[in-house]
Structure formats: structure tokens, C-alpha cells
Enquirer: 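I'd like to ask some things about the structure below.
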Amino acid sequence: MDKLSVDHLLGIKFLKKSDINLIFKTALHFKEIINRPIKKVPTLRDITIANLFFENSTRTKISFELAQKRLGADVVNFSSSSSSVKKGESLTDTVNNILAMKVDMIVLRHPNPGSPLLLSKHTNSCIINAGDGAHEHPTQALLDCFSLTENLGDLKGKNILIVGDILHSRVALSNIYALKLLGANIKLSCPLSLIPREIESLDVSIETDILRALKWCDAANVLRVQKERMEKSYFPNNREYTMLFGLDINKINNIKKDILILHPGPINRGVEITSEIVESNNSIILDQVENGVAIRMAIIYLLASKMNFSIN
Amino acid sequence: MPKKILLDSKKIDLILNRLVCELVENHKDFNNTVLIGLQPRGTYLIEKILDIFKKKYPNINIKSGILDFTFFRDDFRRSEKTLKASSTQINFSIENKNVVLIDDVLFTGRSIKAAMSSIDSYGRPNSIELLVLIDRRYKREIPIQANYCGAKIDTFKGDKVNVVWNENSKKDVIYIENNG
């Protein structure tokens, strides 16, 4: 297959395994391109993309913008703090106004789950979800799985652990969907108060003993505790969380095997992971960041190639 | 129209040897020259050329690579088909180098234009030359011509020129067919 089965990237839930394989194959070419002395191609020179970020972001925003610029696209950026949203404009109105200025593609980060889906139904544009509330963060999951594949090969039958704040994490849900499509076994490890209800229905298991979980896995994706999304306290204090679930050198030495460490960032050093582990040879955190640009280039390229050129 | 053979393996071998001689004449020791095969079909041709260099000029050390120019093509979003990329293998800078692009058939010239834009990603070359096995005359859509050419042929609309490389080089063949 040489085409995506979808016209938007709203979530991994809507993708097929063949879509993920196509994205990975295309990302390999873009990874080579972003390592050239001149890292830019003119493919999307006739495409304009708007990055609409209604939530704070550093990595994802820069990664998307670099991906777009390296593909030769024109880019406009928008942040909610300095926009008419503050004056009461609806999301659909904001986006339709931007589209009226001949924008072809929208990258949306929004605190409300489902907002990219809503936009895809009420606007005439290609939508890429850059994170919608605690729902999905598809490009992060794709770059995580791509980084895992680079190191572990085919993920079928591989044991992947997700440690941390599963309840508030869009990265966790997208990763679960993507890893399942690729045939990996998934375990979650965190305080039970941070496990969403009905999560077992996604065919994942839960292990509250972090050492047992680490011994089981080939790779551990460590997630941040998202204090800003917590309306109440889900565990007594950071120190207890770190002691029980934080990755440190003692726990890694204890399991007596090499496992890959991933983290989508931003990292709270000393809380969910120590600096020693972040900077260890097992960590592929900076590979994830590099792969993020290649994966986003691949997604934008493949979605843009479904939008036929019109001289009018 | 049935397949019409343009060149058999014997003629192809003669042509390739002649092309290599022309390259040596112009580039001498290849100190500042690199050969770049263009994806997808030029990769087979560059292998054949490098084989001849190895046999006939074992003392010449040649830098070579493979270039994919998909993302520089001018027909993106012009058809239902997604343009599919292939791999690029260039592990050196081409800054100030004399670059010889190698492809099997020169037709409209658009691929070569894309390849010339693409090669700039690796530096500013001193010069770019083009070597092709077959030049389909009078079919150019942009003003591009080859510096080294195996054979020039005249073709009709709908003709397809196929270069078939085999593991056993005695079965290499170039034929032409018309599908309508």
C-alpha cells in the first residue's frame, strides 16, 4: 500500500497497521534527509500549514514547525493566549477564518478531547492532532514506536512497559493503540489511582511492582506525572512516588538486564526518572526527539499527497 | 506491438566499456570526481560501470553513491499515486567535486532536473555531468542533454524503453514496446 487509509491524523485509533508501516517507511527517507548538510526539500512548496496550539508546547510545536519547514511548506503559528479565542470566538469559527486565508492543513493541540475530530467534520481542511486533552497524541506514539522499532526490530511479541501517569496521559493511550497494532505486549505500572477505569479492555495488564514489571519488559516508556491536569491528589507525595515508581540506577541494576528507556518529555528529573538513567546508554530519549521530526515529515507528506493539486 | 530488441548484451557491454573509456579520458585519476547513480534504474547501471572500472582500471579509486530525488520531483500531487521514495546513500560531501550523474534512459529530462536540484543538498559541486545508456531523442520537455551517451534512439508516443539487467550479464537486453 502506498497511501494512507485516512485523510486526517485524528488518532491512532483510526489507523491500520499498514498505515503505520507506510509512515515508518517514509520516515526512514526523511531521517536521511534531515541528516544531509542541507536538510530541506521543496516538496510542499505550494502548501500552507497553520499550527494552532491552544495548550503550551515546546518539543511538539518546534518539531512540527521544523518538519513543515524542511518539507518546504509555508507555516503560520497561532497560540490561544494572543488570539481572538480570548474574545469568545468558537474553535470552528477561528479555524474557518484561518482557512479562508488559503491554509491547506491544520495542526491542532487543544485541551478538549475530540476537538480534532470536531474540526475534521466542520471544516474543509486536513487536520493533524498534536494532542487533544488526555485523549490521544498520535505523532508522539508513532515516533515512540518508530524509535522502538529502530532498536528492537519488529515489535511483534516484544514486551513494552508504560510507567507513570496513565490516567492523564494522551501519550499512553496513543501508545497502547499503536503498540497493539504492531503486535507488542503491554504492561502498565503506576499507582492504581492513576489507572483509568476499563483500561484492561484494551488488552493491557497492570503491574504495581515496578521491579517485576522492569524484569518483564524489553523497553520502558516513562511518563511524567501531570500535576497540572490533576484536580486532586492521586498519591501522598512526590517522594513516595519516586521511591515506588521512579526509575533510578538501583532499580535498573537490580533487574540485571538491558532495557531501553524512553520518555516523551518534558522530564521531571528526580521524580519519575533520575538524571543518571536519562543520560545512560540505555536511554533513547534524544533519538525520540530526532525521530519526531522525521515521523512528522512523513505524516505531513503522506497526508498532503492525498490532497490533489488544483491550479484554481 | 511486439517487443523489439534495441541492444543485446554484447552491444550493451561494448557501449558500457566505451562509456567508461570516455569517463577516464575526461576525469583521469578520479581524484575529484564522484559517480552518482540515480534511483531507481540508474543504480543497476552504476554497478555495471563500477564493475568495469574494477576490472579494467583497478588502480583508480572511485567514490560513488546512490541518489533518490523523489522529494524534488515536480509532479507531487499531480496524480492519485503517492510518489514513493527509495534510499539515498551518499556518505561524502560533494562540495567542489565533479559529479557524474548516471541513469539508464534520458526521456523528458524532468528526472535529471530533480536530481540536479537534489544533489545540491550535499554541497555545491564544481560541475555536474550526465551519463545515460539510452537517449530518447526529441522527447525532451526541458533543455537537458547528456555528456556521455550510450545510444540515441527515436521513439513514438506510447513507446516504452525497457532496460533489463540480469545476474548473468550475458542476458542483459534493452527492448522497446508500444502499449498503445
Side-chain angles (χ1 to χ4, degrees), chain A residues 1-7 18-19 21-49 67-74 104-105 126 150 293-312, chain B residues 32 34 36-43 63-99 101 109-126 128 141-142 144:
Chain A
M1 204 174 86
D2 61 354
K3 254 185 186 184
L4 289 178
S5 66
V6 291
D7 294 327
S18 55
D19 292 322
N21 288 335
L22 177 63
I23 292 168
F24 285 4
K25 223 171 139 187
T26 312
L28 274 178
H29 299 306
F30 285 119
K31 192 165 180 184
E32 184 271 317
I33 283 170
I34 59 175
N35 280 293
R36 289 179 183 177
I38 295 167
K39 301 160 176 59
K40 198 168 170 138
V41 293
T43 325
L44 264 63
R45 59 185 175 262
D46 53 356
I47 298 259
T48 306
I49 306 175
Q68 293 151 358
K69 287 184 170 168
R70 283 176 180 164
L71 281 166
D74 285 325
D104 306 287
M105 199 181 268
C126 171
E150 272 189 333
V293 178
I295 281 286
R296 290 181 176 109
M297 285 174 86
I299 291 161
I300 294 166
Y301 172 78
L302 290 167
L303 287 174
S305 65
K306 294 192 85 176
M307 300 156 44
N308 266 351
F309 179 80
S310 160
I311 205 73
N312 301 314
Chain B
N32 200 38
V34 296
I36 304 287
L38 301 184
Q39 285 277 22
R41 309 282 311 165
T43 56
K63 260 191 180 165
S64 68
I66 301 289
L67 177 69
D68 179 83
F69 50 84
T70 304
F71 301 114
F72 287 79
R73 279 171 56 162
D74 61 5
D75 55 349
F76 179 60
R77 303 204 295 133
R78 263 48 173 205
S79 78
E80 287 293 309
K81 262 172 101 180
T82 303
L83 301 181
K84 248 171 130 177
S86 306
S87 67
T88 289
Q89 292 150 30
I90 299 179
N91 310 318
F92 44 82
S93 162
I94 59 144
E95 187 79 17
N96 288 327
K97 293 275 190 295
N98 299 313
V99 175
L101 300 177
R110 286 179 187 268
S111 296
I112 305 302
K113 179 188 163 212
M116 286 197 292
S117 305
S118 177
I119 200 77
D120 282 350
S121 304
Y122 295 90
R124 181 182 182 271
N126 187 44
I128 302 179
E141 290 170 4
I142 40 181
I144 277 173

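Below, read A as the first sequence line, B as the second, and so on, with proteins coming before strands; counting in each chain starts at 1.
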Enquirer: Contact between B/Phe72 and A/Val41 at the side-chain level, heavy atoms closer than 4.5 Å - yes or no?
Expert: yes
Enquirer: Please name the pair of heavy atoms, one in A/Lys3 and one in B/Thr82, separated by the smallest distance, quoted to 0.1 Å.
Expert: CG-OG1, 3.4 Å
Enquirer: For B/Ser93, is it the side chain, the backbone, both, or neither that has a heavy atom closer than 4.5 Å to a heavy atom of chain A?
Expert: neither
Enquirer: Go through the atoms of B/Ser117 and report whether side chain, backbone, both or neither lie under 4.5 Å from a heavy atom of chain A.
Expert: neither
Enquirer: How long is the straight-line distance from CG of A/Leu44 back to CZ of B/Phe71, given to the nearest 0.5 Å?
Expert: 10.5 Å
Enquirer: Please determine, among B/Glu80, B/Arg73, B/Gln89, the option with the most heavy-atom pairs under 4.5 Å with chain A.
Expert: B/Glu80
Enquirer: With a 4.5 angstrom heavy-atom cut-off, which part of A/Asp46 approaches chain B: side chain, backbone, both or neither?
Expert: both
Enquirer: Report the option among A/Met307, A/Lys39, A/Lys25 that has the most heavy-atom pairs separated by less than 4.5 Å from atoms of chain B.
Expert: A/Met307
Enquirer: Looking only at heavy atoms, what is the nearest atom pair of B/Ser121 and A/Pro37, with distance?
Expert: O-CD, 3.3 Å
Enquirer: To the nearest 0.5 Å, what is the distance between OG1 (A/Thr43) and CG (B/Leu83)?
Expert: 8.5 Å
Enquirer: Which atoms of A/Leu71 come close to chain B, meaning under 4.5 Å heavy atom to heavy atom: side chain ones, backbone ones, both, or neither?
Expert: neither
Enquirer: Are A/Ile38 and B/Asp120 packed together at the side-chain level, in the sense that at least one heavy-atom pair is separated by less than 4.5 angstrom?
Expert: no
Enquirer: Could you tell me which portion of A/Lys306 (side chain, backbone, both or neither) has an atom closer than 4.5 angstrom to a non-hydrogen atom of chain B?
Expert: neither
Enquirer: Apply the test side chain to side chain contact (heavy atoms under 4.5 Å, CB included) to residues A/Arg36 and B/Ser118: give CA-CA distance (whole Å), side-chain angles for both, the deciding distance (0.1 Å), then the verdict.
Expert: CA-CA 11 Å; A/Arg36 289 179 183 177; B/Ser118 177; 3.9 Å; yes
Enquirer: Between B/Phe76 and A/Ser305, which heavy-atom pair has the shortest distance, and what is it?
Expert: CE1-CB, 3.4 Å
Enquirer: How long is the span from the OG1 atom in A/Thr26 to the NZ atom in B/Lys84, to the nearest 0.5 Å?
Expert: 9.0 Å
Enquirer: Write out, in numerical order, the residues from residues 27-34 of chain A with a heavy atom short of 4.5 Å from a heavy atom in chain B.
Expert: A/His29, A/Phe30, A/Glu32, A/Ile33
